[in-house]
K.L.:
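Here it is, the structure in full.
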Amino acid sequence: MAEFEQVNDLFEDIWHFGPGDPPITMELMRALSHAGGYVAGAFEGDRLVGGSVGFLAAGGALHSHVTGTTRRGAGFELKLHQRRWALGRGIERITWTYDPLVRRNAHFNLAKLGARPQEYLPRFYGVMGDAINQGDESDRLLAVWPLTAPHVEALSRREPGLSAAPDGAVVALADEGGRPVQGPVGAGAVLVAVPADIEGLRGSDPGTAKAWRHAVREVLGGLMAEGRAVTGFCGKSYYVVEQA
């Protein structure tokens with residue numbers, strides 16, 4: 001229980017949820033680990049620098065519910081551990097949700113891990129009250145990580161992935177002066193920008209933060225609803241969306 005308490009404290013230090021609204025409790029972590037779920041910590045010496053909690057989901061997948069780290073590189077190591085843990089139990093797919101507006105997470109999930117967004121989920125958690133997301137509508141992308149796909153295996157070996165936009169891609173949502181500007185969406189491959197720092201915008205310019213939320217929901221969410229596939233994240237700025 002002392003280690004579960006460390007994970008609980010780590011998550012609180014990252015998100016500042018407060019005592020009444022944690023993403024998961026120590027008791028539930030204990031129950032999940034005993035029932036065969038995934039509860040892991042990344043340690044630097046005796047100091048916890050990352051934690052991750054997941055549960056078994058329908059369709060033979062592991063759903064990674066919450067992962068947080070306080071040390072650069074710990075997130076990638078945790079995901080590699082999660083992948084090894086899953087494959088050792090015959091699980092070949094891990095899913096999780098993330099905010100499509102957080103650029104560094106999009107780059108990490110798509111470019112570094114090789115996960116692919118499968119579904120756009122508007123207002124998934126309602127309006128959130130933690131220090132990072134406070135007041136924002138909680139749109140999420142459901143990411144699917146196919147653990148045995150060749151590109152995922154290569155990235156797991158730390159081989160560089162593709163980062164260039166497809167030939168002929170057009171910008172369907174641009175960042176012009178820090179604000180979202182919509183462009184044409186009819187091309188076979190389009191690029192959808194996200195802001196450089198949505199978390200900072202929530203505090204400094206809530207109106208622009210809301211404009212980005214609605215623009216990405218309309219453009220990226222709309223394209224995915226039409227059946228187009230998100231195939232990557234290029235230039236550390238743009239989702240790549242192509243005809244399925």
K.L.:
Are any of the side-chain heavy atoms of R47 and F43 separated by less than 4.5 Å?
P.N.:
no

K.L.:
Which residues satisfy the side-chain hydrogen bond (donor to acceptor under 3.5 Å, both in side chains) test with R84, sequence neighbours excluded?
P.N.:
none

K.L.:
Taking all atoms of both residues into account, what is the closest heavy-atom pair of T67 and W15, and its distance?
P.N.:
O-CH2, 3.5 Å

K.L.:
Minimum heavy-atom separation for Q6 and D46, please, with both atom names.
P.N.:
OE1-O, 4.4 Å

K.L.:
Determine whether L173 and L141 fall in the same hydrophobic cluster, where Ile, Leu, Val, Met, Phe, Trp and Tyr are linked whenever their side-chain heavy atoms lie under 4.5 Å apart.
P.N.:
yes

K.L.:
Taking all atoms of both residues into account, what is the closest heavy-atom pair of L78 and G51, and its distance?
P.N.:
CD1-N, 3.6 Å

K.L.:
Give a yes or no on whether the backbone of F124 and the side-chain of R140 come within a donor-acceptor separation of less than 3.5 Å.
P.N.:
no

K.L.:
Under a 4.5 Å cut-off applied to non-hydrogen side-chain atoms, are V152 and W145 in contact?
P.N.:
yes

K.L.:
Check whether any side-chain heavy atom of I24 lies under 4.5 Å from a side-chain heavy atom of F11, and answer yes or no.
P.N.:
yes

K.L.:
Just do the side-chain hydrogen bond (donor to acceptor under 3.5 Å, both in side chains) check on S64 and Q82 with the steps written out, would you?
P.N.:
CA-CA 9 Å; S64 182; Q82 197 176 70; 3.1 Å; yes

K.L.:
Taking all non-hydrogen atoms of both residues into account, name the closest pair between P100 and L220 and its distance.
P.N.:
CB-CD2, 4.5 Å

K.L.:
C234 versus L191: any side-chain heavy-atom pair under 4.5 Å?
P.N.:
yes

K.L.:
In terms of hydrophobic clustering (I, L, V, M, F, W, Y; side-chain heavy atoms under 4.5 Å; direct or indirect links), are L223 and W212 co-clustered?
P.N.:
yes

K.L.:
For E242 versus A189, what's the shortest heavy-atom pair and its separation?
P.N.:
CG-CB, 3.9 Å

K.L.:
For atom CG of D167, is the number of surrounding heavy atoms from other residues, nucleotides or ligands below 6.0 Å larger than 12?
P.N.:
no

K.L.:
By the ring-ring contact (aromatic ring centres under 6.0 Å, His included) test, which pairs, at least two apart or in different chains, include something from residues 53-76?
P.N.:
F55-H63

K.L.:
Dump the intermediate steps for side-chain hydrogen bond (donor to acceptor under 3.5 Å, both in side chains) on R123 and S138, then the final yes or no.
P.N.:
CA-CA 4 Å; R123 307 175 188 89; S138 56; over 6 Å; no

K.L.:
Taking the side chain as every heavy atom from C-beta outward, state whether W96 and N109 have any pair of such atoms under 4.5 Å apart.
P.N.:
yes

K.L.:
Between A106 and Y239, what is the shortest heavy-atom contact and its length?
P.N.:
CB-OH, 3.4 Å

K.L.:
Show me the donor-acceptor pairs within less than 3.5 Å that the side chains of residues 113-121 make with the rest of the protein, sequence neighbours left out.
P.N.:
| unit_1 | atom_1 | unit_2 | atom_2 | d |
| --- | --- | --- | --- | --- |
| R116 | NE | T231 | O | 3.1 |
| R116 | NH1 | L110 | O | 3.2 |
| R116 | NH2 | T231 | O | 3.1 |
| Y120 | OH | D139 | OD2 | 2.7 |

